[in-house]
Student: 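The structure that follows is given in the form of structure tokens.
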Amino acid sequence: MKLSNYLIATLKEAPSDAETKSHQLMVRAGMIRKIAAGVYNFLPTGLRVFRKVENIIRDEMNKAGAIEVMMPFVTPADLWEKSGRWDIYGKELLRFKDRADRDFCLGPTHEEVVTDMVDREVKSYKNLPITIYQIQPKFRDEIRPRFGVMRAREFTMKDAYSFDVNELEAEKSYIKMFNAYKRIFERCGLTFKAVEADSGNIGGSFSHEFMVLAETGEDLVLSCNTCEFAANVETTGIKDVSIARNDKDFEPLAEVSTPKMTSVEEVSSFMNVSSEDIVKTLFLESDEELIAVLVRGDHELSLTKLKKFLGSDFLDLADNKVLKENNIVKGFCGPIGVNFKIYSDNSIKDLTNFITGANKDDYHCQGVNYDRDFLVESFGDFREAFDGDSCPIEGCTGSLESTRGIEVGHVFKLGTKYSESMNAKFTNQDGKEKNYYMGCYGIGVGRVVAAAVEQNNDENGIKFPTALAPFQVVIIPTEKTKGPALSKAEEIYDYLTNSSFEVALDDRQESPGVKFKDSELIGIPFQIRIGPKSLAKGVVELKNRLTGDILEFDQNDYDGIREKLNELF
RNA sequence: CGGGGUGUGGCGCAGUUGGUAGCGCACCUGUUUUGGGAACAGGGGGUCGGAGGUUCGAGCCCUCUCACCCCGACCA
């Protein structure tokens, strides 16, 4: 590629809305441009990197036996109604009507479409197992898109779906994909970790996330300092270490005036008690009913865990309106006298004589004890784990450490969730119809690019791993006018191009400094520099972006340059 | 959705009590430069997010609206 005929859209300054390194650098390097919140153009160099990632993914998917298809971006509501997700998915699903007033949405994921497709085409166990994948745009109307293409509303995802005859076979498919994912992220040159995860809106029984470790990651990963355990905070279990409570020490229940003390911190300092002696009461709306949940004052409720425990599709904090309708006094909530089911975190089991809200303005209760003062519907693990918690693995005495991660891939065991709801079946060996056992596997392509930038940069710009760089090598003649350096550069350019390298020739009418800076900002791993200075010595120079090393070659030693590059790629 | 903030040339920004809109970078032309974002001279480019209003006069004041960003959306 001759850069005089190319689009190098580099900027000296990043737009003020770019917060993370990767966002700033991708804009400055001229890879992406925003055209609406969470919606981006990929400019030529950005697309080249994107394609590199895409091709690595495609290659590994094909090697793992997955078959590529393409499903539509626009999907009809009836498929979503069939699976039941039309009502569950909420505002993230961008819905619209066509001219005939029929409901559609932009696909945020494709379980429905692919299940329908496979169900139509596959009739027999003889056609199984089968894993279908596509690399295609998705749209999720995120509450808050941010960090450039890291969390965009429109984004490209590789999504694969496996169909098997039974659970055991499905597990094999899962492992195949899991291993393919490891190879993909290794080839992309990323430092990552596979962790246990919650399966969220997609549903299913079991899942792993692939996390690229980075400061700016949006997820919190907890890993054991002793064993192999690692999981997303959302799903990290807490060992139930509660002991039997001594019933004899019950104090009388009493109300205490706590004017305007609505937070745990305020109440604990006002009453001079530790936050562990306070129990927070939260009211939540689930699918059908309002429930109350108790967690210790120093703990955080995990909506994810509670949702899983209750088996409900919808669970959220009750909003102010609902609270008012039920005469719940915000800031002074307590479990005493409420007629909703009360769920309580395991850590409460231990507690005697704790403090809660009194359900009336400016009062808390002290000397509160469950069973005596209120009844708990069920105890369970409902709080979020944090740094320093003990490892949830049986027999392990290690403790958890947290790191931040960018979720670049996610693999799920779905089981028969979708094949049942959509009545998708094949005929088994015994002539009976059976639901498919499914798995689903996603990778955010743009997010992999952003994660690579986030993990690989310095003060000069992006240091792309060689497998992802937009060009493998750029040839920089350091004289502007046509002369011996340019003709030498063109010769080497032709030679390396014919040797199947991805070469850029920076023949723009720019000063050398500009070319060096651009090349380093964009993240091209090697520069070949040719100028009056080097030619006077009869050499050309090869500079390594990653190490800063400069090698000299005889100006006619094209083979030597080629061999060196071959070594490095 | 709640709170806060910002919209002025492609990017980054300034614009005073209301009086004909400016700077740096980028861009174009010319000359000189040519190994780390060159110098000089000249030049082009703006419905000041949009609509309405107040005023002799609005980038600036008022009303509405749109977009974008940040924080929160779990502590009750």
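Fair warning: this is a prediction, and the values are worked out from it, not measured in the lab. Each chain gets a letter, A, B and so on, in the order the sequences are listed, and its residues count up from 1.
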Student: Where the side chain of A:Ala36 is defined as all heavy atoms beyond and including C-beta, which of B:rA38, B:rC68, B:rC71 is the nearest nucleotide?
Tutor: B:rC68

Student: Using atom CG of A:Leu43 as one end and atom P of B:rC11 as the other, report the distance to the nearest whole Å.
Tutor: 13 Å

Student: Would you measure the distance from the P atom in B:rA67 across to the matching atom in B:rC13 and give it in whole Å?
Tutor: 22 Å

Student: Any idea which of B:rC74, B:rA76, B:rA26 is nearest the A:Lys12 side chain?
Tutor: B:rA26

Student: Classify the nucleic acid contact of A:Arg28 as base, sugar-phosphate or nothing, counting any heavy atom under 4.0 Å across all strands shown.
Tutor: base

Student: Taking the six-membered ring for Trp, are A:Phe379 and A:Tyr370 closer than 6.0 Å centroid to centroid?
Tutor: yes

Student: If I pick the P atom on B:rC11 and the same atom on B:rG50, what distance separates them, to the nearest angstrom?
Tutor: 15 Å

Student: What nucleotide, of B:rG24, B:rC70, B:rA76, holds the atom closest to the side chain of A:Arg146?
Tutor: B:rC70

Student: Could you check, using the six-membered ring where one of them is a Trp, whether A:Phe309 and A:Phe382 have ring centers closer than 6.0 angstrom?
Tutor: yes

Student: Would you mind reading off the distance between A:Ile143 atom CD1 and B:rC74 atom C1', rounded to a whole angstrom?
Tutor: 13 Å

Student: Between A:Glu215 and A:Lys21, does any NZ, NE, NH1 or NH2 come within less than 4.0 Å of an OD or OE carboxylate oxygen?
Tutor: no

Student: Using the C1' atom as the point on both nucleotides, what is the distance between B:rG12 and B:rG37, in whole Å?
Tutor: 16 Å

Student: Rounded to the nearest angstrom, tell me the gap between atom CZ in A:Arg144 and atom P in B:rC68.
Tutor: 14 Å

Student: Can you label the angle between the A:Tyr495 ring and the A:Tyr558 ring as parallel, tilted or perpendicular, going by 30° and 60°?
Tutor: tilted

Student: Base, sugar-phosphate, or nothing: which does A:Lys34 touch, judged by heavy atoms less than 4.0 Å apart?
Tutor: sugar-phosphate

Student: Using a heavy-atom cut-off of 4.0 Å across all strands, would you classify A:Val264 as base, sugar-phosphate, or nothing?
Tutor: sugar-phosphate

Student: I want to verify a distance call: between B:rG37, B:rC74, B:rG12, whose nearest atom is closest to the A:Leu282 side chain?
Tutor: B:rC74

Student: Sticking with atom P, work out how far B:rC61 lies from B:rU16, rounded to a whole angstrom.
Tutor: 9 Å

Student: Using a heavy-atom cut-off of under 4.0 Å over every strand shown, decide if A:Glu19 touches base, sugar-phosphate, or nothing.
Tutor: sugar-phosphate

Student: For the residue pair A:Phe104 and A:Phe96, does the interplanar ring angle fall in the parallel (under 30°), tilted (30 to 60°) or perpendicular (over 60°) class?
Tutor: parallel

